[in-house]
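Down below is the structure, laid out as structure tokens.
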Amino acid sequence: MEARDALRATAAVAGRAATLKACGIAAVLFVVGLLVLGLIGATTIKPAAADSCGGRGTPGTDLEDLEDGKPSGGPSRAEQKTNAKIIDKVAASGGLSGRATLIGLMVALQESSLLNLDYGHADSIGLFQQRPSQGWGTREQIMRPKYAASMFYFGDDDGDPRGLTDVPQWESKDVRTLVREVQRPDASTLDLYVVQESLARQIADQAGINLDRKGTATAAPISETGNPGPPVGDADRPQSPEECYPDTDGKGGAPGNPFYDGNSYWPASVKNPRSAEDAIRWARREAETGSKQWLWWCLRFVAAAYGRKSAGTRFAIDHYRSMPEQMKHDGDRNPPPGALMYWDTGSEAGHVALYLGNGKIASNDIKRAGYIDVVDATDIETKWGSTYLGWAPPYFPRGG
């Protein structure tokens with residue numbers, strides 16, 4: 001299953017103005033004399049307590065409606081709460097604890113943003129991005145949230161695929177271990193599940209879900225202390241910047257470390273109306289002319305730089321996750337000019353910018369809301385508190 005970075009929902013709270021600025025920058029609005037910090041559906045979300053590597057930035061959104069190019073939004077948080085209640089009901093009806101619900105919410109947030117998606121990596125679909133080809137059920141079955149949740153918790157009758165409760169003493173194990181056993185993602189993505197804890201708890205609270213519920217199932221033992229295992233994500237947590245951000249051959253490093261130009265040739269499958277040189281010139285010109293049209297649209301901006309009408313993917317972070325593995329350069333701080341650089345902002349969309357060379361990027365919203373500016377690539381980390389994911393070539397297989 002391909003990991004998905006979490007959708008931190010969009011919603012308008014009745015009686016209050018809440019507006020989201022895409023790609024990790026919050027808008028400050030005065031409404032009836034009150035100053036409201038608009039973090040739609042995710043007001044002042046703190047990073048998970050176990051995440052000693054720091055937060056993931058300010059929630060943002062980069063909504064790209066592939067039908068007509070207009071910003072979408074809609075009842076994402078309402079959908080998340082509905083799906084959260086279904087997951088909780090399946091867990092509770094099986095005698096599982098509130099911790100099981102929390103784990104289910106964290107996994108679903110990472111896999112599908114807690115939305116019942118009818119698409120995903122390869123043939124992955126649904127809340128948990130389960131694959132029909134891997135024995136999780138038919139497409140029709142997996143697209144039923146109750147069925148998908150049941151498979152996540154209890155697996156198939158023959159134990160293949162296995163569910164959460166098929167993992168011996170699952171209650172006392174950390175999330176990375178459980179995800180590795182059940183979801184079987186790439187090992188490099190395991191931390192992404194852990195940082196969903198804060199949002200999972202917030203959604204559970206909004207949905208009226210009791211995460212302190214005790215389990216009654218005999219197949220779900222708790223620890224000898226009587227507590228439901230360690231705090232979610234506590235085990236094997238890196239404790240130092242060197243562990244959190246390993247520097248391999250000068251290609252990694254902690255947030256704020258400089259970016260340097262690398263040398264790379266795009267694969268033959270990377271074809272765009274504009275070359276990298278032309279895309280860079282176009283982006284610089286966009287910054288100079290001051291066209292105010294890029295609020296919420298970091299992914300669309302980089303696609304437009306390469307002469308495309310759309311990126312073909314709704315969210316920037318999904319665009320990176322769906323890249324062929326050989327095109328993703330996780331944590332590499334040596335992108336070639338023209339590369340697309342991606343960050344986890346702790347939001348539903350993440351952020352993407354065009355690397356111009358010499359440590360500079362063309363990015364929307366970092367200096368002026370809705371405008372493109374040329375800024376240091378490190379600004380996304382130092383000013384937004386976001387986590388750099390890596391770079392990839394300008395590959396838009398479904399772009400318009």
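The first residue in the sequence is number 1, and the count goes up from there.
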Practice problem: Could you verify whether a donor N or O on one side chain and an acceptor N or O on the other, from Thr387 and Glu381, lie under 3.5 Å apart? | Solution: no
Quiz item: Trp384 vs His351 aromatic rings, parallel, tilted or perpendicular, using cut-offs 30° and 60°?
Solution: perpendicular
Quiz item: Should Val270 and Ile280 be regarded as members of a common hydrophobic cluster, given that ILVMFWY residues are connected when their side-chain heavy atoms come within less than 4.5 Å of each other, either directly or indirectly?
Solution: yes
Exercise. Could you tell me whether a side-chain N or O of Tyr153 sits under 3.5 Å from a main-chain N or O of Ala100, the two making a donor and an acceptor?
Key: yes
Exercise. Check whether any side-chain heavy atom of Leu105 lies under 4.5 Å from a side-chain heavy atom of Gln196, and answer yes or no.
Key: no
Quiz item: Side-chain contact, heavy-atom cut-off 4.5 Å: Leu102 with Ile209?
Solution: no
Quiz item: Does Glu325 pair with Lys328 as a salt bridge, N-O distance under 4.0 Å?
Solution: yes
Quiz item: Is the backbone N or O of Ser97 less than 3.5 Å from a side-chain atom of Arg213, with the two atoms forming a donor-acceptor pair by type?
Solution: yes
Self-check item: For Val107 against Tyr193, the heavy-atom pair lying closest together
Solution: CA-CD2, 4.0 Å
Quiz item: So, does Thr177 use its side chain to make a donor-acceptor pair with the main chain of Lys173 at under 3.5 Å?
Solution: no
Exercise. Could you tell me whether Arg201 and Glu197 make a salt bridge, using a distance below 4.0 angstrom between a side-chain N and a carboxylate O?
Key: yes
Practice problem: Compare every heavy atom of Cys298 with every heavy atom of Asn364, then report the nearest pair and how far apart it is. | Solution: OD1-CB, 3.1 Å
Quiz item: Looking at Leu354, Val374, Ile380, which one forms a side chain to side chain contact (heavy atoms under 4.5 Å, CB included) with Ile361?
Solution: Ile380
Quiz item: Are Lys367 and Asp379 close enough for a salt bridge, meaning some N to O gap below 4.0 Å?
Solution: no
Quiz item: Within the distance-only criterion (no hydrogens, no angle test), does the side chain of Gln130 pair as donor or acceptor with the backbone N or O of Ala148 below 3.5 angstrom?
Solution: yes
Quiz prompt | Donor on one side chain, acceptor on other, Thr189 and Asp186, under 3.5 Å | solution = no
Self-check item: Exercise: identify the closest heavy-atom pair between Phe315 and Ala349
Solution: CD2-CB, 3.8 Å
Exercise. Check the pair Met106 / Val195 against side chain to side chain contact (heavy atoms under 4.5 Å, CB included), numbers first and verdict last.
Key: CA-CA 8 Å; Met106 291 168 65; Val195 298; over 6 Å; no
Practice problem: Write down the atom of Trp170, the atom of Arg99, and the distance for their closest heavy-atom approach. | Solution: O-NH1, 3.5 Å
Quiz item: Distance only, no hydrogens: is a donor on one side chain within 3.5 Å (strictly under) of an acceptor on the other, for Arg184 and Gln134?
Solution: no
Exercise. List the atom of Pro393, the atom of Met323, and the distance in Å for their closest heavy-atom pair.
Key: O-CE, 3.5 Å
Exercise. Would you indicate whether the side-chain heavy atoms of Thr165 and Leu96 approach each other to under 4.5 Å?
Key: yes
Practice problem: Please step through side-chain hydrogen bond (donor to acceptor under 3.5 Å, both in side chains) for the pair Asp344 and Tyr320, ending with a clear verdict. | Solution: CA-CA 10 Å; Asp344 174 4; Tyr320 184 67; over 6 Å; no
Self-check item: Asp156 and Asp160, any side-chain heavy atoms less than 4.5 Å apart
Solution: no
Quiz item: Can you tell me if Ser150 uses its side chain to pair, donor with acceptor, with the backbone of Lys146 under 3.5 Å?
Solution: no
Quiz item: With the threshold set at 4.0 Å, does a side-chain nitrogen-carboxylate oxygen contact exist between Arg281 and Asp278?
Solution: yes
Exercise. Report yes or no: does Ser113 contribute a side-chain atom to a donor-acceptor pair with the main-chain N or O of Leu115 at less than 3.5 Å?
Key: no
Self-check item: Leu114 vs Ile87 side-chain heavy atoms within contact, under 4.5 Å
Solution: yes
Self-check item: Under 3.5 Å donor-acceptor, Asp373 side chain and Val375 backbone
Solution: no
Quiz item: Looking at side-chain heavy atoms only, is the closest gap between Pro132 and Thr138 below 4.5 Å?
Solution: no
Quiz item: Would a distance-only check, ignoring hydrogens and angles, find a side-chain to backbone donor-acceptor pair under 3.5 Å from Asn272 to Arg274?
Solution: no
Exercise. Locate the shortest heavy-atom distance separating Pro145 from Asn83; write the atom from each residue and the value.
Key: CG-OD1, 4.1 Å
Quiz item: Is it true that Tyr371 and Leu295 fall in one hydrophobic cluster, defined by side-chain heavy atoms closer than 4.5 Å?
Solution: no
Quiz prompt | Polar side chain donor-acceptor pair, Thr313 to Asp318, under 3.5 angstrom | solution = no
Quiz item: Side chains of Ser310 and Arg300: do they bring a donor and an acceptor to under 3.5 Å?
Solution: no
Quiz item: Does any non-hydrogen side-chain atom of Met151 lie less than 4.5 Å from one of Pro161?
Solution: yes
Quiz prompt | Check: Trp282 ring centre within less than 6.0 Å of Phe301 ring centre | solution = yes
Quiz item: Is there a side-chain hydrogen bond (donor to acceptor under 3.5 Å, both in side chains) between Gln141 and Trp136 once you walk through the steps?
Solution: CA-CA 9 Å; Gln141 287 174 321; Trp136 289 95; over 6 Å; no
Practice problem: Identify whether NZ of Lys or CZ of Arg in Lys360 sits under 6.0 Å from the centre of the six-membered ring of Tyr355 and within 45° of that ring's axis. | Solution: no
Self-check item: Donor-acceptor under 3.5 Å (His319 side chain, Tyr395 main chain)
Solution: yes
Practice problem: Could you tell me whether the side chain of Arg321 reaches within less than 4.5 Å of the side chain of Leu192, counting heavy atoms only? | Solution: yes
Quiz item: Okay, side chain of Asp166, backbone of Gly159: is any donor-acceptor separation there less than 3.5 Å?
Solution: no
